[in-house]
Amino acid sequence: MSASNGTTDIDGQKAVTGPRPRRRHDPLRNEWRHRAAAAKGVPTPLNFMEWVRFSIRTALIGLALLVFVPLHYLYRVFAYGSPFPMWFLGLTARISGAKVRVHGTPLRRDVFFIANHVSWLDILSLAGASGTAFVAKAELAEAPLVGWLCRMNRTVFVKRENRLGVAEQINALREALMDNWSVTVFPEGTTTDGHSLLPFKSSMLSVLEPPPPGVLVQPVVIDYGPQAEWLGWIDNESGVNNFKRVLSRRGTFDLHLHYLDPFSPEEYRGRKAIAAKAREEIEAKLTECLGHEVRPFKFNVEPIRYSAPELAADVPAEEPPAP
């Protein structure tokens, strides 16, 4: 056998085999490796074009700020309930790559939205669609720019490990509900991968015991489609890194907001029953959107005392479609 010039002697005859093919570089697979590393807390490296996209989107958000923020404060001089935070947050979601598709009709006032939670983009898109205020995890306040934007929209930040501060947070939530006409809460207590639905924590629904007069509960399903797992802010990834990853990605993605039928909290006995009803509706619709049953979340979340099932750790994770 001869390996010279890419030939092989077989029974005295030379067969041309050519040089050994090089392994092709797969940029999409490489992006998913960075995604998996980010979940472990490893900062995501950006190439030149990713830095360009990140810089352009950040500049556009900054430009929008220069336009909307003065208009917001000027409006507040003459009237209350400025629409500019709603418009600005919706525009920021679009700049970030989200093409928001609204299904159903969001109530505009006297409503308590209950939604699943995947990303900081949830807040931008929901605010743009309905003008709602929020209850969100305190870590979101540390995300650059996003945290400040959320404060402008009266977001109530919840420290998941601070049980002693629950009463104070409920009071802030009650004030936001009375003032903003609509409030959104993410009762999972953290963000997931878009394919899971954690148990609902009902403590933030204490504001509905008893429910304010005329207030309805409207479940909302947030569906990022095949990009959910890549976009999700999960495990040990920092808010800064997730912000950087999202703003540097190629192209756009569909973000579907499904506003389900509202129900009266007076028909259910207490916050736990309200949470169970909302979760049942959200799980059914999310299962329909995904095309499969929601799966157990495969990461431990200590602040909310969630432990991933051992079975999930034993099964290798499928590689979702890369963005």
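These numbers were taken from a predicted model, which means no experiment stands behind them. Quick note: numbers below take in every heavy atom, side chains included, and nothing from hydrogens, waters or symmetry partners.
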Of all residues at least two apart in sequence or in a different chain, which pass the side-chain contact (heavy atoms from CB on, under 4.5 Å) check with [X]?
X	value
Lys272	Ser202
Leu63	none
His256	Arg101, His103, Asp223, Asp254, His258
Asn236	none

Looking at side-chain heavy atoms only, is the closest gap between [X] and [Y] below 4.5 Å?
X	Y	result
Ile114	Val217	yes
Leu216	Asp110	no
Ile282	Pro219	yes
Ile234	Glu229	no
Leu197	Phe297	no

For a side chain to side chain contact (heavy atoms under 4.5 Å, CB included) check, start with the C-alpha distance between Phe186 and Thr191, then their side-chain angles and the critical distance, and finish with the verdict. CA-CA 9 Å; Phe186 302 109; Thr191 48; over 6 Å; no

Enter the distance from [X]:[atom1] to [Y]:[atom2] here, rounded to the nearest 0.5 Å.
X	Y	atom1	atom2	result
Leu231	Trp120	CG	CH2	9.0 Å
Glu237	Phe243	CD	CZ	12.5 Å
Ile123	Phe134	CD1	CZ	5.5 Å
Ile222	Ser125	CD1	OG	5.5 Å

Could you tell me which residues satisfy salt bridge (Lys or Arg N to Asp or Glu O under 4.0 Å) with [X], sequence neighbours excluded, listed by chain and number?
X	result
Glu283	Arg279
Lys285	Glu288
Arg271	Glu209
Glu281	Lys277

Residue that, paired with Leu124, satisfies side-chain contact (heavy atoms from CB on, under 4.5 Å) out of Leu126, Asp122, Leu121: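 Between Leu124 and the candidates, side-chain contact (heavy atoms from CB on, under 4.5 Å) is satisfied uniquely by Leu121.
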
The single option from Leu60, Ile61, Asn242, Ile56 passing side-chain contact (heavy atoms from CB on, under 4.5 Å) against Leu247: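 With Leu247 as partner, side-chain contact (heavy atoms from CB on, under 4.5 Å) holds for just one option, Ile61.
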
Is a donor on one side and an acceptor on the other found under 3.5 Å between the side chain of [X] and the backbone of [Y]?
X	Y	result
Ser96	Thr92	yes
Arg249	Trp230	no
Thr132	Thr184	yes
Gln218	Leu107	yes

Within 45° of the six-membered ring axis of Trp233 and under 6.0 Å from that ring's centre, is NZ or CZ of Arg245 located there? no

Could you check whether the rings of His195 and His292 sit parallel, tilted or perpendicular, using 30° and 60° as the cut-offs?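 Because their plane-to-plane angle is under 30°, the rings of His195 and His292 count as parallel.
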
Side chain to side chain contact (heavy atoms under 4.5 Å, CB included) for Trp51 and Ser248? Distances and angles first, verdict last. CA-CA 6 Å; Trp51 276 116; Ser248 63; over 6 Å; no

Nearest heavy-atom neighbours spanning Val102 and Ala129: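 In terms of heavy atoms, the two residues are closest at CG2-CB, 4.0 Å.
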
Any idea which heavy atoms bring Ala228 and Val118 closest together, and the distance?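 Residues Ala228 and Val118, closest heavy atoms: O-CG1, 4.2 Å.
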
Under 3.5 Å donor-acceptor pairs involving side-chain atoms of residues 68-77, not counting sequence neighbours:
from  : atom 1 : to    : atom 2 : distance (Å)
His72 : ND1    : Ser82 : OG     : 3.0

Give the C-alpha distance, both sets of side-chain angles, the deciding distance and a yes or no for side chain to side chain contact (heavy atoms under 4.5 Å, CB included) between Ser130 and Arg108. CA-CA 6 Å; Ser130 67; Arg108 293 298 178 181; 4.1 Å; yes

Between Phe113 and Tyr259, does the ring centre distance come in under 6.0 Å?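 Under 6.0 Å, so yes.
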
ring-ring contact (aromatic ring centres under 6.0 Å, His included) partners of residues 260-288, not counting sequence neighbours, each pair once: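 Every pair satisfying ring-ring contact (aromatic ring centres under 6.0 Å, His included) with a residue in residues 260-288: Phe263-Tyr268.
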
Suppose the criterion is salt bridge (Lys or Arg N to Asp or Glu O under 4.0 Å): which pairs have a residue in residues 182-193, not counting sequence neighbours?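 Found Asp193-Arg295.
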
Begin with the C-alpha distance, continue with both residues' side-chain angles, and end with the deciding distance and a verdict on side chain to side chain contact (heavy atoms under 4.5 Å, CB included) for Phe112 and Leu208. CA-CA 9 Å; Phe112 195 86; Leu208 299 176; 4.0 Å; yes

Validation: residues 37-49 side-chain donor-acceptor distances under 3.5 Å, sequence neighbours left out:
from  : atom 1 : to     : atom 2 : distance (Å)
Thr44 : OG1    : Asn241 : ND2    : 3.0
Asn47 : OD1    : Met49  : N      : 3.2
Asn47 : OD1    : Glu50  : N      : 2.8

